[in-house]
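In what follows, a single structure is set out as structure tokens and then discussed.
Residue numbering restarts at 1 for every chain, and letters A, B, ... go by the order of the sequence lines.
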Protein chains: 2
Amino acid sequence: MPRERKSARTRERILAAAAQVLSRKGWAGTRLVDIAEVAAVQAPAVYYYWPSREDLLAEVVTTGQQATLEHVVASLAALPADASALDRIDGAIAAHLEVVLRRSEFSLAAIRNAAQLPDDIRECQLVGQREYADVWRGLVEDAVAAGELTADVDTRAARMLVLGALNWAPEWWNPDRGSLEDVVATTQHVVRRGLTPH
Amino acid sequence: MPRERKSARTRERILAAAAQVLSRKGWAGTRLVDIAEVAAVQAPAVYYYWPSREDLLAEVVTTGQQATLEHVVASLAALPADASALDRIDGAIAAHLEVVLRRSEFSLAAIRNAAQLPDDIRECQLVGQREYADVWRGLVEDAVAAGELTADVDTRAARMLVLGALNWAPEWWNPDRGSLEDVVATTQHVVRRGLTPH
DNA sequence: AGCGTGTTCTAATCCATATTAGAAGAACGA
DNA sequence: TCGTTCTTCTAATATGGATTAGAACACGCT
């Protein structure tokens with residue numbers, strides 16, 4: 001294995017380990033030693049790749065945000081061009097749940113720690129968050145414009161309620177108790193009914 | 001002010017300060033110095049009332065859980081005896097949002113830190129959580145039994161989606177952008193539609 | 001006033017953990 | 001094989017923050 005490639009893999013291993021620990025222990029509780037143990041290196045190895053613990057953790061968070069955004073956007077792009085606005089919302093629900101429940105501890109780390117980031121990092125995190133919110137805002141606006149969604153509720157609140165339900169899923173979903181597909185289907189079902197007129 | 005009373009007030013002040021800091025900084029990031037500053041005492045004063053930082057924080061969490069449970073149960077008890085199952089769910093939604101958004105930083109601290117508690121504390125936290133979950137399970141079961149709720153979805157998943165939406169509300173709701181009453185109404189509206197047959 | 005008890009403070013202590021210094025190891029090219 | 005460079009390690013260092021010790025303070029009682 002060429003040098004450059006091995007080095008890159010170590011970096012990825014540390015980053016992934018950091019995501020795992022961060023998602024479980026919280027920002028302040030994430031120790032370099034724990035990350036190092038998971039990544040099978042010694043703690044100071046981290047400093048070869050990042051200037052500080054904080055930079056490493058910040059990268060985990062932004063990576064998590066990007067992973068979510070990109071997966072959702074990609075899933076939407078993969079839908080047939082004639083998908084209805086509600087179908088697109090279904091697609092976004094599925095993609096969000098997939099990334100948060102299966103694909104990425106990064107997303108989970110970003111979600112769970114959003115409220116406890118240091119101020120400077122919190123700020124640039126808010127930028128990414130706004131970007132992602134815009135995607136959902138667009139989805140909902142399209143649905144309203146298409147008349148596929150009830151106009152009788154505060155769309156911002158409705159949107160955030162849905163995102164909350166999705167972001168909370170990792171706290172209770174357990175692969176042993178039910179398949180991801182089932183959760184996705186149930187969520188789509190409930191949300192679709194919740195947002196459409198009777 | 002009698003001695004006993006003053007002492008009790010200091011204790012409450014420290015506990016409340018701990019809740020505030022804990023809800024913002026996370027379990028590991030909550031420093032005694034910060035708690036002390038908010039409570040307007042010096043850090044070692046904490047040890048007069050609690051044997052350790054961990055005991056203090058644990059009390060915050062259990063207090064938060066109890067506050068939520070009690071407020072919801074009390075609100076349900078205050079409903080007219082002939083309230084429908086769906087009305088009772090509406091009541092629980094309102095009560096949960098009230099406690100989480102307005103009444104108690106304790107609840108918020110408990111919610112936000114659930115995933116990062118040390119193992120021993122996590123365990124007794126799970127007990128309280130199960131107790132609260134039972135209340136909601138009861139509400140949903142009653143609604144299903146009364147035929148007021150669609151039988152075509154996984155009730156556990158539906159229940160957790162709703163609770164997720166509620167627990168996430170503190171992350172986005174801001175009293176300046178809309179009244180609590182509005183959020184409650186929207187939530188009730190969306191959830192009711194989401195759970196009832198078209 | 002003076003004593004005793006309950007409460008809070010100031011000044012250590014002590015440990016955990018981020019970070020730095022510099023050596024060892026491993027890959028690559030000559 | 002040897003030297004160079006990139007990567008990782010071991011062994012300090014340094015700091016922050018929980019905890020402890022014991023002094024000061026405050027209240028209530030006689």
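Note: CZ (A:R53) to P (C:dT20) measures 14 Å, nearest angstrom. The CD-P distance, from B:E4 to D:dG28, rounds to 11 Å in whole Å. Look at CZ on B:R31: it is 16 Å from P on D:dT15, rounded to the nearest Å. When the P atom of D:dA18 is taken as reference, atom CH2 of B:W50 falls 15 Å away, rounded to whole Å. Going from atom CD1 of B:I14 over to atom P of C:dC9 covers 9 Å, rounded to whole Å. One can place CG of A:D34 at 12 Å from C1' of C:dA16, the figure rounded to the nearest angstrom. Nucleotide D:dG17 holds its C1' atom 14 Å from the CG atom of B:L57, rounded to whole Å. Distance CD (B:Q42) to C1' (D:dG22): 16 Å, rounded to an integer number of Å.
For A:Y49 and D:dT8, the shortest distance from a side-chain N or O to OP1 or OP2 is below 4.0 Å. Not one side-chain nitrogen or oxygen of B:Y48 sits closer than 4.0 Å to the OP1 or OP2 atom of C:dT8. Look at B:T10 and you'll find a side-chain N or O under 4.0 angstrom from OP1 or OP2 of C:dT8. OP1 or OP2 of C:dT7 sits under 4.0 Å from a side-chain N or O of B:S7.
Using a 4.5 Å heavy-atom threshold, the side chains of B:L163 and B:H96 count as touching. Contact check for A:L101 versus A:P170: side-chain heavy atoms found under the 4.5 Å cut-off. A 4.5 Å side-chain heavy-atom check between B:V46 and B:R53 finds every atom pair outside the cut-off.
Using a 4.0 Å cut-off between charged nitrogen and carboxylate oxygen, B:E148 and B:R88 do not count as a salt-bridge pair.
Under the side-chain hydrogen bond (donor to acceptor under 3.5 Å, both in side chains) test applied with B:H189, the options A:T150, A:D154, A:D152 reduce to a single match, A:D152.
In this structure a side-chain-to-backbone donor-acceptor pair under 3.5 Å is present from B:Q65 to B:Q125.
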Item to check | Footprint string (nucleotides 21-26 of chain C, 5' to 3'): B base within contact, S backbone only, - free, heavy atoms under 4.0 Å | outcome: -----B
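Checked against C:dC9, D:dA18, C:dA18, the side chain of B:Y47 finds its nearest nucleotide in D:dA18. The side chain of B:L32 sits closest to D:dT19 out of C:dG6, C:dT20, D:dT19. Residue B:A45 places its side chain closer to C:dT8 than to any other of C:dT8, C:dT10, D:dC9.
By the rule that hydrophobic residues join a cluster once side-chain heavy atoms approach within less than 4.5 Å of another member, A:V60 and A:I111 end up as members of separate clusters.
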